[in-house]
Each structure stands twice: as C-alpha cells, then as structure tokens.
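What follows is a single structure, written as structure tokens, with notes after it.
Since the model is a prediction, treat every value here as computed from it, not as a measurement. Every number for a ligand or one of its atoms is a count from 1 in the order of the listing. When a residue number appears, it is its place in the shown sequence, counting from 1.
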Amino acid sequence: MKKQIAILGSTGSIGTQALQVVEEHPDLYEVYALTANNKVELLAEQARKFMPEAVVIANEDKYIQLKEALSDLPIKVYAGTDALCQIVESGPIHIVLTAMVGYAGLRPTINAIKAGKTIALANKETLVVAGELINDLASQYHTPILPVDSEHSAIFQCLERENPVHKIILTASGGPFRTLTMEQLRSVTKEQALKHPNWHMGAKITIDSASMMNKGFEVIEAKWLFGVRPDQIEVVVHPQSVIHSMVEFEDGAVKAQLGVPDMRLPIQYAFSYPRREHLSGERLDFAKYSTLTFEAPDTTRFRNLALAYEALHQGGNMPCIVNAANEVVVSAFLKDQLSFLKMSEVIEKAMSMVPFIKVPTYNDYVETDAETRRIAAELVINGMNK
Ligand SMILES: NC(=O)C1=CN([C@@H]2O[C@H](COP(=O)(O)OP(=O)(O)OC[C@H]3O[C@@H](n4cnc5c(N)ncnc54)[C@H](OP(=O)(O)O)[C@@H]3O)[C@@H](O)[C@H]2O)C=CC1
Ligand SMILES: CC(=O)[C@@H](O)[C@H](O)COP(=O)(O)O
Ligand SMILES: [Mn+2]
C-alpha cells in the first residue's frame, strides 16, 4: 500500500524537496494534502501535478485565487489556520511532514499527533517551544516522531537499540560569518547572511544558521528527540557539512553519518523508515574533500548558542520565549530594522522581561508567544537598534 503523505509547507525548501522524493517513488508515496501560506501559484501548480485530495492555503485572503486556479480539478480547497489544523487529522493520512516554518507549526503538529499520524518533523520550532508537551502527547497517543533535520536524522541513523547514548555531537557549519571578528559582525548585511556556505534553505533558517541560533535550537531539539541531558549535547563546528552529526557510546566509540549536503536524504529516510530506498543524485566523493576540519564554537561572537543552552537549562517557557523573540528579530533583521549583533541583545532582554513559567500548559505557551512578540517588537522599535 502506498503511504499517504500530508506536506505542511509544500512551497518551501523542505516541501519542494519532499515532493521530489515523492516523484522519485510514485510506487511508494502519494500526496494526500498540500499546504502553504501565500504562494498560491506554486501551490496550485504542485496540486495539478500531484493531484492531492486537498490543498489548504493558510492566508484566507488567497482562497478565491486558489479555488479558481483549481476549479477544473476534483481537489478540495480550504483556507485558514483552522482548516490547516484539521486537514492533518484526515483518516487516510499515514505521515505528516511538518515543513512549515516557525511557531505556526505547533498547533497542526499537536493535532496530527493526537490523530496518531506519524510525524516527519522538519519544523524544529515545535520542539523548541513545547518539547515536553509534544513528547507527552506522542507517548499518550503512541505517535512516532521521526527527525528530518539533517543532524537529528544523522543521530537517529547512528543510534543502537541495545546501547544508551553517552554523548551527542552536533555538527555546525559555522555559517557565512564563521571567521569574522566581533567588529566585522557589527556591520554584516542580510544579503551576506542569506548566503549559507553549504545549504540552500528558507530565509528564516538561513539567518538562524548565520547567528548560530539554528544550532542552539538543534541542541534543544536533540534533548527532546533523544532524551539526553544538556551536558550530553556538544556542538562542534565542521565547516564542510559532510559529517551530519555523531553519537558517542559508553565505551568511547563514535558513530557518524556522512553524506553530501542534500535534505532529500533525511526527508526520504523519514518517509521510508525503517527501510532505505534508492535516492538519485550526487554521492559522497571523498577525493573531493581532502580535509575535514573541526573547531570549538565561539559563544562570545555567536551569543545565541549560549542563550539557547541557558533556555534549555532553565526549561519551562524559556525556550518558547527565545523562539518568539528570535522570530521577531530575524524578521526585523530581514527588513533592515535591526543589526546582526542586536538580534542577540533583544532576545536576551526578552528572556529577562517575559514572566517565567516552570510548568507551562498549552495555553501558557500561546500567551508566552504573544507576550514575547509584543515585548520584542517594542525592543526593536524603542532603541535596541541604537
Ligand atoms: N530548509 C532546510 O534545509 C531545513 C529546514 N528545516 C526546518 O524546516 C522548516 C521549513 O524550513 P524551510 O523549508 O527552509 O522554510 P521555507 O521558508 O522555505 O518554507 C516555509 C513553508 O512554510 C509555509 N508557511 C510559512 N509561514 C506559514 C504560516 N504562518 N502558516 C502556514 N504555512 C506557513 C510557507 O508557505 P509560502 O511559501 O506560501 O510562504 C512555505 O511553504 C523550518 O522549521 C526549518 O527550521 C530544518 C532543517 C533543514
Ligand atoms: C540542513 C540542516 O539541517 C540545517 O539545519 C543546516 O544544518 C544548517 O546548517 P548550520 O546551522 O550548521 O549552519
Ligand atoms: Mn539542521
């Protein structure tokens, strides 16, 4: 039987690559639903090609345009975030790929978990914001969560059923500013930040990689996916992005997963798990990489990594605060309203201003997110950029 897949965020970097995986294996996978936020034309084009049962556009203003674009096809068309959250519950769906960006991924992921759908998790913000809640729900509803993030897929591929993990070693590219001094970091532009050395990704995660908040988020994501303590998660900078991450076991043995930087592999592995299927494209040619290098991360120049560890240690709603503040500052940086280094300053200030909640409920997360966005936006406007 073909696996029926819902792709949340099909018009993005992960979403479009997921569709390439489906296209390569029409005998294994079928698209049940596609969703996007604004890109109606691309969504309609994808729907025409993959003929899903339903499409959802989150922005309700785009509904008529999408409905008209697909009026000759028997595809159900919906709009709005409620529809997006409901579509994941549809009976025939086996796997929900959460490839939408940001906090918006939380609610549909919760619904999909409650509906017992296997989660192929690309949206790391879900676990950053509410890792404990998500894990509790996944246990309660016996729902598997399979990592798509390249580092976490690598770790997942290295795990051994019989042997506990001693340490997780997350590799980081270091981003485009890896070698810059603090002084040089003061004046970097969004155009420079958007040029990741190894990966073509959406704008938000690319800025997060440049500021190393992406790695901080991945540390938090690793805690919830693999049940390890913060002191068991180490970050090492590996500029070539060939080793996607490593696991150290009790006896000191270290296992790594290597490959060319290509997100289709972790996406496909989450779809095909526990099997491996053929994947077209470039293979690792060791002769091309005469040196693989490693260095310790610098949390003075890349303060976000330290802030994420701090949030992980504090727990409660603190990672939610960091996530919301980060979404605000990244958006401001992309609009040239905030400088690169000021992003960390706003996040740190927000961490000290938003009320801390040790054991948050879902509603607490919703309120924390809203309150942090309000405070961070004020900080951006009122002087943090001076
Ligand atoms: N790109 C990568 O290689 C990797 C990405 N990830 C994670 O995967 C997720 C997606 O990243 P990426 O594909 O790069 O992001 P993109 O920006 O390329 O794509 C985001 C997708 O989400 C949709 N979307 C955006 N906002 C909303 C919203 N409010 N409601 C519903 N849909 C929305 C977009 O729709 P539209 O196009 O219409 O705006 C688009 O389809 C992120 O959480 C990221 O951290 C993790 C590892 C690697
Ligand atoms: C492809 C992927 O998983 C990204 O999260 C990538 O790892 C970003 O690279 P860095 O954050 O290491 O620069
Ligand atoms: Mn990653």
Side-chain angles (χ1 to χ4, degrees), residues 7-19 34-44 46 55-60 62 66 79-85 87 97-109 120-129 147-155 170-178 193 195-219 221-222 235-241 243-245 259-267 270 297 302 304-305 323 326-327 330-331 334:
I7 302 179
L8 311 185
S10 64
T11 51
S13 161
I14 293 287
T16 50
Q17 292 178 87
L19 286 172
L34 295 174
T35 82
N37 194 28
N38 282 306
K39 289 194 182 140
V40 172
E41 282 165 18
L42 179 54
L43 181 60
Q46 292 175 338
V55 292
V56 184
I57 188 89
N59 182 346
E60 295 184 30
K62 306 273 178 172
L66 183 60
T81 48
D82 286 345
L84 201 150
C85 289
I87 200 70
L97 171 65
T98 66
M100 56 207 281
V101 62
Y103 174 85
L106 178 62
R107 195 153 72 96
T109 307
L121 188 112
N123 180 277
K124 65 189 83 185
E125 294 89 345
T126 292
L127 285 181
V128 171
V129 170
V148 168
D149 207 342
S150 62
E151 295 78 1
H152 304 74
S153 176
I155 292 158
L170 280 175
T171 49
S173 75
F177 305 143
R178 180 176 61 89
K195 285 196 183 113
H196 195 280
N198 305 324
W199 299 94
H200 295 285
M201 310 182 287
K204 194 261 181 183
I205 186 177
T206 307
I207 301 302
D208 286 346
S209 289
S211 71
M212 289 198 77
M213 184 56 93
N214 184 50
K215 214 47 57 182
F217 283 173
E218 291 183 350
V219 169
E221 190 184 8
V235 172
V236 65
V237 175
H238 164 51
Q240 296 81 19
S241 298
I243 297 178
H244 296 309
S245 276
V260 292
D262 181 349
M263 281 306 294
R264 291 176 312 141
L265 191 148
I267 295 167
F302 297 99
N304 281 352
L305 183 55
N323 179 72
N326 184 60
E327 289 193 25
V330 169
S331 166
L334 285 169

What residue and heavy atom of the protein are closest to atom 7 (O) of ligand 2, and at what distance? Glu151 OE2, 2.4 Å
Has the side chain of His244 got a donor or acceptor atom that lies under 3.5 Å from a matching backbone atom of Gly259? yes
Considering only non-hydrogen protein atoms, determine which one is nearest to atom 9 (C) of ligand 1 and report residue, atom name and distance to 0.1 Å. Met100 O, 3.6 Å
Considering non-hydrogen atoms of the protein only, which is the closest contact for atom 11 (O) of ligand 2, and what is the distance? Asn214 ND2, 2.7 Å
pair Ile207-Leu334: side-chain heavy atoms closer than 4.5 Å: yes
Which protein non-hydrogen atom lies closest to atom 13 (O) of ligand 1, naming both residue and atom, and how far is it? Ile14 N, 2.9 Å
Could you go through the salt bridge (charged side-chain N to carboxylate O under 4.0 Å, His left out) check for Asp208 and Lys124 one step at a time? CA-CA 12 Å; Asp208 286 346; Lys124 65 189 83 185; over 6 Å; no
Restricting to non-hydrogen atoms, name the atom on Asn38 and the atom on Asn59 that form the minimum distance, rounded to 0.1 Å. OD1-ND2, 2.8 Å
Proximal atoms of ligand 2 relative to Asp149 (non-hydrogen, under 4.0 Å): 2 (C), 3 (O), 5 (O)
If we only consider heavy atoms of Met212, is any one of them less than 4.0 Å away from an atom in ligand 2? no
Is there side-chain contact between Glu151 and Lys215, with heavy atoms separated by less than 4.5 Å? yes
Can you check whether Thr171 has an N/O within less than 3.5 Å of an N/O in ligand 2? no
Quick note on ligand 1: atoms under 4.0 Å from a heavy atom of Asn38 include exactly 36 (P), 38 (O), 39 (O)
Do Val55 and Leu66 make a side-chain contact, defined as non-hydrogen atoms from C-beta onward lying under 4.5 Å apart? yes
Atom 18 (O) of ligand 1: which protein heavy atom is closest, and how many Å away? Ser13 N, 2.9 Å
Considering the heavy atoms of Ala172, write down every atom of ligand 2 situated less than 4.0 Å from one of them. 12 (O)
Looking at the Mn ion (ligand 3), which N/O/S atom of Asp149 is the nearest one? OD1
At a 4.0 Å threshold, what atoms of ligand 1 neighbour a non-hydrogen atom of Gly12? 13 (O), 16 (P), 18 (O), 19 (O), 40 (C), 41 (O)
Residue portion contacting ligand 1 (non-hydrogen atoms closer than 4.0 Å) for Met263: side chain
Which residue owns the protein heavy atom closest to atom 14 (O) of ligand 1, what's the atom, and how far is it? Gly202 N, 2.9 Å
Would you kindly specify which portion of Ala104 sits under 4.0 Å from ligand 1, judged on non-hydrogen atoms: side chain, backbone, both or neither? side chain
Quick look: Ile205 vs ligand 2, heavy-atom contacts under 4.0 Å, and the answer is side chain
Give the residue, atom name and distance (to 0.1 Å) of the protein heavy atom nearest atom 25 (C) of ligand 1. Val101 CG1, 3.6 Å
Taking only non-hydrogen atoms of Ser209 and a 4.0 Å limit, the atoms of ligand 2 in range are 8 (C), 9 (O), 10 (P), 11 (O), 13 (O)
So which heavy atom on Pro261 is nearest to which on Asn198, and how close? CB-O, 3.8 Å
Could you list which atoms of ligand 1 come closer than 4.0 Å to a heavy atom of Ala58? 30 (N), 31 (C)
Which segment of Ile205 sits under 4.0 Å of ligand 1 when only heavy atoms are counted: side chain
Considering only protein heavy atoms, which is closest to atom 43 (O) of ligand 1, and at what distance to one decimal place? Glu125 OE1, 2.6 Å
Test item: side-chain donor near acceptor, Thr98 and Asn123, under 3.5 Å: no
Over all heavy atoms of both residues, which pair between Pro297 and Val237 is shortest? Give the atoms and the distance, please. CA-CG2, 3.8 Å
Should Ala99 be listed as contacting ligand 1, given a heavy-atom distance under 4.0 Å as the test? yes
Atoms of ligand 1 under 4.0 Å from any heavy atom of Asp149, numbered from 1 in the order shown, are 46 (C), 47 (C)
Nearest heavy-atom pair of Leu97 and Ala122: which atoms, and what distance? CD1-CB, 4.5 Å
Do Gln17 and Met263 have side chains that get closer than 4.5 Å, going by heavy atoms? yes
For atom 35 (O) of ligand 1, what is the nearest protein heavy atom, given as residue, atom name and distance? Asn37 N, 3.1 Å
Specify the closest pair of heavy atoms between Ala270 and Val148, including all atoms of both residues, with the distance to one decimal. CB-CG2, 3.9 Å
Got Ser173 and Trp199 here, is their nearest side-chain heavy-atom distance under 4.5 Å? no
Of all heavy-atom pairs between Ser245 and Ala154, which one has the smallest distance, and what is that distance? N-CB, 3.7 Å
Hey, is Lys124 one of the residues with a heavy atom under 4.0 angstrom from ligand 2? yes
Atom 13 (O) of ligand 2: of Ala122, Ser13, Gly174, Ser173, the nearest heavy atom sits on Ser173
I'd like to know whether ligand 1 has Lys204 as a neighbour, heavy-atom separation below 4.0 Å. no
For ligand 1 and Lys39, I'd like to know whether there is a polar contact (N/O to N/O, distance under 3.5 Å). yes
Show your reasoning for whether side chain to side chain contact (heavy atoms under 4.5 Å, CB included) applies to Val330 and Met213. CA-CA 10 Å; Val330 169; Met213 184 56 93; over 6 Å; no
Can you list the ligand 1 atoms lying under 4.0 Å from a non-hydrogen atom of Ala122? 6 (N), 7 (C), 8 (O), 43 (O), 46 (C)
May I have the step-by-step check of side chain to side chain contact (heavy atoms under 4.5 Å, CB included) for Asn326 and Phe217, ending in yes or no? CA-CA 11 Å; Asn326 184 60; Phe217 283 173; 3.7 Å; yes
Quick one: report the N, O or S atom of Glu218 that is nearest to the Mn ion (ligand 3). OE2
Residue and atom name of the nearest protein heavy atom (relative to atom 2 (C) of ligand 2), distance in Å to one decimal: Ser150 OG, 3.3 Å
Give me the residue, atom name and distance of the protein heavy atom closest to atom 9 (O) of ligand 2. His196 NE2, 3.4 Å
Less than 4.5 Å apart, any side-chain heavy atom of His200 and any of Ser13? no
Give me the residue, atom name and distance of the protein heavy atom closest to atom 40 (C) of ligand 1. Thr11 OG1, 3.5 Å
Hey, are Glu125 and Lys204 close enough for a salt bridge, meaning a charged N less than 4.0 Å from a carboxylate O? yes
Tell me which N, O or S atom of Glu151 sits nearest to the Mn ion (ligand 3). OE1
List ligand 1 atoms under 4.0 Å from Asn123, heavy atoms only on the residue side. 43 (O)
Would you say that Leu121 contacts Leu127 through its side chain, given a criterion of any heavy-atom pair below 4.5 Å between the two side chains? yes
Within the structure provided, determine whether Val219 and Val235 are in side-chain contact (heavy-atom separation under 4.5 Å). yes
Note: ligand 2 atoms sitting under 4.0 Å from heavy atoms of Met263 are 1 (C)
Residue and atom name of the nearest protein heavy atom (relative to atom 4 (C) of ligand 2), distance in Å to one decimal: Met201 SD, 3.6 Å
Criterion side chain to side chain contact (heavy atoms under 4.5 Å, CB included) on Leu34 and Leu43, from CA distance to verdict: CA-CA 7 Å; Leu34 295 174; Leu43 181 60; 3.8 Å; yes
